[in-house]
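All remarks here apply to the structure that follows.
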Amino acid sequence: MNNEQLLDLVKQMTLEEKTAQLLQLTANFYEGTNVEGQITGPMEEMGITEQSVDASGSILGLSGAQAIIDVQQAYMKKSRLGIPLLFMADVVHGFKTIFPIPLAIGCSWDTELAEKSAEIAARESAVSGLHVTFAPMVDLVRDPRWGRVMETTGEDPYLNSLFAAAFVRGYQGDSLKDEPDRLAACVKHFAAYGAAEGGRDYNTVDMSERNLREYYLPAYKAALDAGVEMVMTSFNTVDGIPASGNEKLMRGILRDEWGFDGVLISDWASIREMIAHGAAEDDREAAYRAIRAGVDMEMMTPCYVHHVPELIESGEVDEKLIDEAVLRILQLKEKLGLFDNPLRAADPERECEIVFSKEHRQVSYELATKSAVLLKNDDSLLPLQPDANVALIGPFAQSPDILGWWSCEGVKEDAVKLGTALQERLTGGKVQFAQGSNVHTITAEQIAEALEVASKADLIVLALGEDSEMSGEGGSRTDIRLPAAQLELVKQLKAAGKPIASVIFNGRPLDLHGVIDESDAVLEAWFPGSEGGAAIADVLTGVVNPSARLTMSFPQSVGQIPVYYNHFNTGRPLNPEKTEERYVSKYIDSPNEPLLPFGYGLSYTSFSYGDLEVSSNEMTAEESLSIQVHVTNTGERAGVETVQLYVRDVTGEVVRPMRELKGYVKLALAPGESGTATFTLNEEQLRYHHSDLSYRSDRGEFHILVGANSRDTQKKSFRLV
């Protein structure tokens with residue numbers, strides 16, 4: 001259908017049919033799903049009619065080709081105007097083939113592989129009948145107490161923007177209609193959900209508009225520039241107004257300023273939640289505020305269905321707002337080709353061939369190897385030698401719980417376990433197992449068994465971490481150390497006197513005290529996905545040389561939070577050489593710096609940096625600077641070094657961060673080989689939002705900082721004239 005035909009279709013719809021198109025329900029409302037309690041219970045609870053269900057626009061959370069075919073066919077038989085359903089789900093880091101969590105993917109600094117992971121997730125989802133994924137989640141995060149940091153790619157707006165665009169390209173391809181194995185992407189959560197106070201999920205967000213635009217909005221804008229088809233509102237307030245009813249945010253910035261003309265959907269029940277926020281008296285007012293703000297689709301509450309018609313009849317809402325919302329939904333269905341083929345790519349036979357295929361799992365494996373960050377490696381304990389006699393101890397030694405939250409159709413039992421994979425690789429050595437502890441509990445018998453196994457080994461590999469329920473949505477924590485049972489296990493094994501390499505499976509940066517000092521080596525595995533055990537075993541044994549770099553700072557303690565690399569200097573900065581000074585910005589019981597900085601990660605080889613070279617000590621608006629540094633692999637193994645470029649605007653109309661990431665280059669170098677990291681820096685990259693929200697640069701002095709992470713850099717200066 002062309003746009004004129006879609007407009008004509010809107011004109012043919014009754015007001016009730018149009019309003020129903022704005023409603024999204026879960027699968028158990030629909031015929032053909034065979035879900036227990038189908039239709040009657042949920043309908044009574046929400047107070048909606050069977051007619052509204054029959055005319056509704058989209059369905060949430062159903063998957064499986066045959067199930068979706070059955071529901072779509074039953075629905076189309078009842079559809080007066082032949083308008084098909086949209087099927088949506090949270091395909092966040094894989095469908096059945098589960099990739100590392102997005103925070104881990106960020107640590108790969110590999111946008112091409114991230115794009116590939118989204119493409120595979122789309123392929124598996126589409127053949128299983130889905131049309132839309134509620135991904136990517138691009139919220140900038142600075143507080144690891146928040147469980148949903150596992151869904152983001154980190155604390156930096158530049159890097160988050162690159163990944164946002166990559167995920168959108170991967171999900172959507174070039175043409176949804178011509179590529180039925182792709183999904184429409186829905187960027188979330190608009191906006192600033194990652195800044196929830198106290199790291200507590202769904203909590204208040206309060207910041208200046210300048211701060212919002214400078215740090216939190218860029219990744220959403222990057223997703224829009226990449227062509228994302230949908231945007232989801234966030235649960236939080238923005239400037240005191242819940243996002244789902246925030247007219248300035250949704251119509252002012254998203255639609256009018258940025259020109260977004262796709263579908264805007266609420267998060268689960270977030271329209272009705274305006275009542276609890278104190279921003280709406282009842283469902284009627286919530287519907288009024290949301291539709292005026294430009295929210296097209298209401299997820300799992302009936303405010304629109306119940307009250308939009310009466311709001312139009314009373315003259316409080318112009319019916320053209322409803323027509324615009326319906327048209328956007330129909331346009332998305334047309335882009336997906338659903339009017340021509342309501343079943344789209346759903347195919348039970350192809351589903352069996354494609355989903356969880358060997359090819360897909362291989363990409364999951366590769367991404368997991370590139371996402372694991374080596375945090376410590378004293379005396380080169382890692383990689384393990386082929387003939388090593390290893391005691392593998394800990395609750396994650398043979399745990400399948402390595403997929404992480406939001407693992408969609410992933411099955412834990414399908415995940416490759418670390419112990420199994422390590423045993424296969426150490427063919428000349430020996431792997432002996434002990435549980436050591438559970439995730440949250442430990443017994444004397446477990447300790448005794450662990451010490452007995454450790455006594456017979458040359459070294460200990462400790463497999464520790466959070467279970468998947470400890471992060472993700474609703475997974476906020478005030479204490480981000482490992483559970484006490486695991487810390488006790490580390491303490492007991494440290495006393496055994498054997499070298500310890502700890503592997504951490506988790507969904508957030510942790511306070512690693514009680515582990516990092518007690519271990520000779522530490523590998524951050526995150527939740528690595530379906531092939532996680534194989535990938536981590538290959539990193540431990542040196543089949544793969546780790547190359548990942550942190551995209552969130554690891555704090556010294558929870559009391560430092562938020563701690564992030566692109567902070568301000570303050571008027572009384574701490575002089576590192578005068579740590580005894582009192583009246584400066586510091587803690588008296590902790591360093592200011594994080595335990596591990598943004599951009600940090602080790603390798604099994606070593607790299608040396610030559611002198612930093614800059615083409616000029618002046619920049620103009622017309623002429624860029626060329627920046628170079630030579631890097632040499634001084635070790636005995638091939639490796640990848642991620643050379644990072646940071647810039648500091650020394651004096652601005654608004655205070656500027658101590659450093660900001662502006663680019664990076666990955667150099668793959670053989671032993672003894674040298675390479676050159678070359679960057680181009682122009683005036684546009686120096687712009688920022690001033691106090692009047694204008695976006696421009698300042699004349700004056702700038703620092704160029706280049707190095708292996710945000711802390712360890714060389715510096716040169718130039719002036720913008």
Side-chain angles (χ1 to χ4, degrees), residues 21-26 57-63 85-95 102 114-115 117-119 121-122 124-126 128-139 148 151-153 160-161 163-173 176 179 182-194 217 219-235 243-244 249-250 254-255 258 260-271 290 293-300 325 328-336 338 344 406 408 473:
Q21 276 292 308
L22 312 186
L23 175 64
Q24 179 168 94
L25 299 170
T26 51
S58 63
I59 185 169
L60 165 67
L62 183 66
S63 64
L85 274 168
L86 279 168
F87 292 87
M88 308 187 190
D90 288 283
V91 187
V92 173
H93 55 110
F95 179 72
E115 181 177 337
S117 75
E119 180 185 348
E124 292 192 355
S125 302
S128 301
L130 293 174
H131 307 143
V132 177
T133 174
F134 297 128
M137 193 264 232
V138 301
D139 299 326
R148 299 193 79 166
E151 290 180 64
T152 81
T153 50
N160 285 357
S161 296
F163 277 105
F167 285 130
V168 170
R169 291 192 302 268
Y171 287 125
Q172 294 190 173
L176 289 170
E179 299 178 72
R182 302 281 187 159
L183 295 177
C186 176
V187 70
K188 61 185 185 183
H189 307 84
F190 196 69
Y193 188 28
L217 294 188
Y220 307 114
K221 182 60 164 59
L224 263 62
D225 291 344
V228 75
E229 292 290 349
M230 289 184 65
V231 173
M232 180 185 287
T233 67
S234 55
F235 286 116
S244 294
L249 184 66
M250 299 303 169
L254 183 65
R255 295 222 187 268
W258 290 356
F260 178 67
D261 60 358
V263 175
L264 179 61
I265 187 171
S266 77
D267 207 337
W268 183 290
S270 67
I271 290 178
V295 180
D296 301 314
M297 195 175 284
E298 179 180 13
M299 186 192 296
M300 282 304 293
R328 284 191 283 264
I329 293 167
L330 298 183
Q331 287 171 333
L332 177 58
K333 294 180 179 184
E334 172 58 25
K335 286 181 181 180
L336 286 159
L338 294 176
R344 204 166 179 259
W406 288 128
C408 201
E473 185 169 356

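Fair warning: this is a prediction, and the values are worked out from it, not measured in the lab.
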* Asked: Can you tell if the side chain of Leu224 reaches within under 4.5 Å of the side chain of Val231, non-hydrogen atoms only?
  -> yes
* Under 3.5 Å donor-acceptor, Gln172 side chain and Ala185 backbone -> yes
* Looking at Trp406, does the NZ or CZ of Lys188 lie under 6.0 angstrom from its six-membered ring centre and within 45 degrees of the ring axis? -> yes
* Out of curiosity, Phe190 CZ to Leu217 CG, how far, rounded to the nearest 0.5 Å? -> 5.5 Å
* Pairwise side-chain contact, Ser244 with Phe235, heavy-atom cut-off 4.5 Å (strictly under) -> no
* To do: List the atom of Asp139, the atom of Gly194, and the distance in Å for their closest heavy-atom pair.
  => CB-N, 3.8 Å
* Asked: Given the rule in the side chain to side chain contact (heavy atoms under 4.5 Å, CB included) test, do Leu25 and Leu60 qualify, once you have shown the distances and angles that lead to the verdict?
  -> CA-CA 6 Å; Leu25 299 170; Leu60 165 67; over 6 Å; no
* Asked: Where do Ile329 and Leu22 land on the side chain to side chain contact (heavy atoms under 4.5 Å, CB included) test, with the steps shown first?
  -> CA-CA 8 Å; Ile329 293 167; Leu22 312 186; 3.7 Å; yes
* Glu298 and Ser266: side-chain donor and acceptor closer than 3.5 Å? -> no
* To do: Sequence neighbours left out, what passes side-chain contact (heavy atoms from CB on, under 4.5 Å) with Ala290? Give chain and number order.
  => Ile271, Met274, Val295, Tyr304
* **Polar contact flag, side-chain donor to acceptor under 3.5 angstrom, Thr153-Asn160** => yes
* Asked: Within the distance-only criterion (no hydrogens, no angle test), does the side chain of His131 pair as donor or acceptor with the backbone N or O of Phe87 below 3.5 angstrom?
  -> yes
* Asked: What closest approach, in Å, do Tyr171 and Ala122 show between heavy atoms, and which atom pair accounts for it?
  -> O-CB, 3.7 Å
* Lys335 and Asp261 ion-paired at < 4.0 Å -> no
* To do: Using the salt bridge (charged side-chain N to carboxylate O under 4.0 Å, His left out) rule, take Asp296 and Arg255 through it: C-alpha gap first, then chi angles, then the decisive distance, then the call.
  => CA-CA 12 Å; Asp296 301 314; Arg255 295 222 187 268; 2.8 Å; yes
* To do: Taking the side chain as every heavy atom from C-beta outward, state whether Thr233 and His189 have any pair of such atoms under 4.5 Å apart.
  => no
* Asked: So which heavy atom on Ala191 is nearest to which on Ser234, and how close?
  -> N-OG, 3.0 Å
* Does a side-chain heavy-atom distance below 4.5 Å link Phe163 with Pro102? -> no
* **Backbone of Ser161 reached by a side-chain donor or acceptor of Tyr220 within 3.5 Å** => no
* CA sep, side-chain torsions, deciding dist, call: Tyr193, Asp267, side-chain hydrogen bond (donor to acceptor under 3.5 Å, both in side chains) -> CA-CA 12 Å; Tyr193 188 28; Asp267 207 337; 5.8 Å; no
* To do: Calculate, to the nearest 0.5 Å, the distance between atoms CD and CZ belonging to Glu119 and Arg182 respectively.
  => 4.0 Å
* Asked: Quick one: are Arg328 and Gln331 in side-chain contact, heavy atoms under 4.5 Å?
  -> yes
* To do: Would you sort out whether Lys221 and Trp258 count as a side chain to side chain contact (heavy atoms under 4.5 Å, CB included), showing the intermediate values?
  => CA-CA 8 Å; Lys221 182 60 164 59; Trp258 290 356; 3.6 Å; yes
* Looking at Ala223 and Val187, what are the two nearest heavy atoms and their distance? -> CB-CG2, 3.7 Å
* Structure fact -> Correct closest heavy-atom pair for Ile265 and Met230 would be CG2-CE, 3.6 Å
* Asked: Between Ala135 and Val92, what is the shortest heavy-atom contact and its length?
  -> CB-CA, 4.2 Å
* Is there a side-chain contact between Met297 and Val263 (heavy atoms, below 4.5 Å)? -> yes
* To do: Look up atom CG in Leu86 and atom CG in Leu336, then write down how far apart they are to the nearest 0.5 Å.
  => 6.5 Å
* Asked: Taking it one step at a time, do Glu151 and Arg148 satisfy side chain to side chain contact (heavy atoms under 4.5 Å, CB included)?
  -> CA-CA 5 Å; Glu151 290 180 64; Arg148 299 193 79 166; 2.6 Å; yes
* To do: Any chance you could measure Glu124, atom CD, to Leu183, atom CG, to the nearest 0.5 Å?
  => 10.5 Å
* Going by heavy atoms in the side chains, are Leu254 and Leu264 under 4.5 Å from each other? -> yes
* To do: Output the distance between atom CE (Met88) and atom OG (Ser125), rounded to the nearest 0.5 Å.
  => 13.5 Å
* What is the distance from atom CG of Leu130 to atom SG of Cys408, rounded to the nearest 0.5 Å? -> 7.0 Å
